[in-house]
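Written out below as structure tokens is the structure these notes cover.
We use all heavy atoms of the structure for the numbers below, so side chains are in, but hydrogens, waters and symmetry mates are not.
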Amino acid sequence: MRYATSDLEQAADLYLELIESGPGADLYGSYADILVQLGDTSAAAEYETLGEALATETIDAFPAERRHLVGFFLTRDPGLALELAAADLEDRQDVGAYDTLAWALFHTGDYTAAEEAIETALAEGTQDPSFFYHAAAIASANGDDGAAATYAQKALSINAVFHPTEADAARILAG
């Protein structure tokens with residue numbers, strides 16, 4: 001939550017505590033992202049490397065963690081993120097799996113398939129601001145600025161600080 005409210009110093013401290021209590025690849029990745037924002041690129045690179053190693057170990061050992069790993073790999077290895085999202089959907093056909101698949105498809109540039117997946121995720125009525133932001137970004141990529149603005153406004157109405165970077169991007173899409 002500190003990350004979402006832009007208290008980066010405290011967020012860094014909290015992420016480090018989380019890593020020390022039970023490391024996870026996504027935690028290393030988020031901590032590295034915060035360190036970059038704080039200007040400590042050397043430490044960020046170290047935690048990025050640790051996160052990649054742990055993510056690689058986790059892929060086969062803990063299939064239930066695929067969804068978290070998709071988030072880690074989206075910007076680091078989008079093709080692998082898509083593979084993990086598809087495998088997660090095979091195991092769990094829930095709204096989270098469809099959203100994860102949609103977001104991975106978006107990051108690999110398959111905006112048409114991403115739109116189909118996010119529509120399935122939203123069809124159940126789950127009020128998750130990230131889902132609506134993902135729908136906004138996908139709609140924008142498909143050239144539907146009206147839908148993008150509507151989805152972005154919905155995301156922000158649910159929680160204006162739902163994510164440290166996605167909320168800012170949603171504000172831009174909302175117009």
Side-chain angles (χ1 to χ4, degrees), residues 1 3-4 8 11-12 15 18-19 23-38 41 44-122 126 128-142 148 151-152 155-156 159 161-173:
M1 183 59 165
Y3 192 14
L8 294 178
Y15 268 98
L18 287 170
I19 288 168
D26 55 333
L27 297 175
Y28 281 115
S30 294
Y31 185 56
D33 293 343
I34 292 169
L35 290 173
V36 167
Q37 290 183 39
L38 291 171
T41 56
E46 177 184 331
Y47 280 93
E48 185 76 24
T49 300
L50 291 169
E52 286 177 17
L54 185 57
T56 302
E57 286 176 25
T58 305
I59 288 172
D60 294 325
F62 302 102
E65 289 298 310
R66 287 184 189 124
R67 200 171 291 177
H68 295 290
L69 294 174
V70 169
F72 180 82
F73 283 116
L74 278 174
T75 58
R76 294 162 176 94
D77 186 343
L80 179 55
L82 181 56
E83 288 176 31
L84 294 171
D88 182 56
L89 181 61
E90 280 185 35
D91 290 344
R92 305 185 278 186
Q93 293 81 40
D94 61 15
V95 295
Y98 281 100
D99 173 69
T100 301
L101 178 64
W103 204 222
L105 288 162
F106 172 84
H107 279 81
T108 59
D110 190 348
Y111 306 130
T112 301
E115 184 174 11
E116 292 172 17
I118 199 64
E119 286 175 359
T120 302
L122 293 174
T126 301
D128 185 316
S130 289
F131 288 17
F132 286 101
Y133 166 68
H134 297 164
I138 292 164
S140 178
N142 281 319
Y151 285 133
L156 295 168
N159 182 348
V161 292
F162 66 93
H163 188 274
T165 56
E166 290 181 355
D168 289 340
R171 278 187 267 291
I172 293 167
L173 290 170

Item to complete: Not counting sequence neighbours, list each pair that qualifies as a ring pair (Phe, Tyr, Trp, His ring centres under 6.0 Å) and has a residue in residues 51-99.
Response: none
Can you check whether [X] reaches [Y] side chain to side chain, under 4.5 Å on heavy atoms?
X	Y	value
D99	I118	yes
L82	L101	yes
L122	F132	yes
L80	I59	yes

Identify each donor-acceptor pair in which a side-chain atom of residues 105-115 lies under 3.5 Å from a protein atom, sequence neighbours left out, and give them as a table.
residue : atom : partner : partner atom : Å
H107    : ND1  : W103    : O            : 2.9
T108    : OG1  : A104    : O            : 3.3
T108    : OG1  : L105    : O            : 3.0
D110    : OD1  : A113    : N            : 3.2
E115    : OE1  : N142    : ND2          : 3.3

Approximate separation, where rounding is to 0.5 Å, of [X] [atom1] and [Y] [atom2]:
X	Y	atom1	atom2	value
D168	Y133	CG	OH	10.0 Å
R66	D91	CZ	CG	4.5 Å
L74	L69	CG	CG	11.0 Å

Side chain to side chain contact (heavy atoms under 4.5 Å, CB included) partners for [X], two or more places apart:
X	value
T41	none
A152	A136, A170, L173, A174
L38	L8, E9, A12, I34

Identify the two heavy atoms, one from [X] and one from [Y], that lie closest to each other, and give their separation to 0.1 Å.
X	Y	result
A148	A139	N-CB, 3.7 Å
N159	P129	CB-CG, 4.1 Å
A97	L89	CB-CD1, 3.7 Å

Identify, with sequence neighbours excluded, every residue that meets side-chain hydrogen bond (donor to acceptor under 3.5 Å, both in side chains) alongside [X].
X	result
E166	H134
D77	none
D88	R67, R92

Fill in: Inter- and intrachain pairs under side-chain hydrogen bond (donor to acceptor under 3.5 Å, both in side chains), touching residues 46-58, at least two apart
E48-R76
